[in-house]
Amino acid sequence: FAAKEIVVSTMGVLYQAEPDADEASGTLMSKLQNHRLTRGPRKGEIAYTPLVAFSFMLFVLIYFPCVSTIAAINTESGSKKWAIFSMIYPTVLAWVLSFIVFQLGSIWAV
């Protein structure tokens, strides 16, 4: 699962963590743990519940591989169709599975 670590740095940028923050950084972890929803019917609730975190990790695990892998698929197959398919299919699959897990988890959590 190459290049999935980009998610940690993206979250660090979005939550304005320290420049040297990583997955063990207390600053980033505390910002994510304390982030609250600002709109909607659940306003004020914690945004990243264990169910949200699990659904997010499931999505990250399945979604499309890194760009270099897509380029290799394009080069080896000689067809852009397989490269495009290898981007779209895993992303759609990741979204659908994450959606199902979240919805089922929401039913049981109530």
Trp82: side-chain contact (heavy atoms from CB on, under 4.5 Å) partners, not counting sequence neighbours
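In terms of side-chain contact (heavy atoms from CB on, under 4.5 Å), with neighbours along the sequence ignored, Trp82 is linked to Ile73, Ser77, Ser79, Phe85.
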Looking at Thr91 and Tyr63, would you say the former's side chain and the latter's main chain have a donor-acceptor pair under 3.5 Å?
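Side chain of Thr91 to backbone of Tyr63, a donor-acceptor pair under 3.5 Å: no, none is there.
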Looking at Ala83, is its backbone amide N or carbonyl O close enough to the side chain of Ser86 to form a donor-acceptor pair, meaning the two atoms are under 3.5 Å apart?
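Pair found, side chain donor or acceptor close to backbone of Ala83.
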Quick check: is Ile46 connected to Leu51 through a chain of hydrophobic side chains (ILVMFWY, heavy atoms under 4.5 Å apart)?
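The answer is no; the residues belong to distinct hydrophobic clusters.
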Spacing of Leu61 atom CG and Phe56 atom CZ [to the nearest 0.5 Å]:
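So the gap between those two atoms works out to 12.0 Å.
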Starting at CG of Leu58, measure out to CG of Leu93 and round the result to the nearest 0.5 Å.
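Taking CG in Leu58 and CG in Leu93, the distance rounds to 8.5 Å.
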Shortest non-hydrogen separation from Phe64 to Met87 and the atoms involved:
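Nearest heavy atoms, Phe64 then Met87: CB-O, 3.5 Å.
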Provide the closest heavy-atom pair for Ser98 versus Ser55 in the form atom of the first, atom of the second, distance.
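So the minimum-distance heavy-atom pair works out to OG-O, 3.1 Å.
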With sequence neighbours excluded, give me every salt bridge (charged side-chain N to carboxylate O under 4.0 Å, His left out) pair touching residues 44-57.
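Checked against salt bridge (charged side-chain N to carboxylate O under 4.0 Å, His left out) - neighbours excluded - the pairs reaching residues 44-57 are Arg42-Glu45.
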Begin with the C-alpha distance, continue with both residues' side-chain angles, and end with the deciding distance and a verdict on side-chain contact (heavy atoms from CB on, under 4.5 Å) for Lys43 and Leu37.
CA-CA 5 Å; Lys43 183 178 179 179; Leu37 298 172; 5.6 Å; no
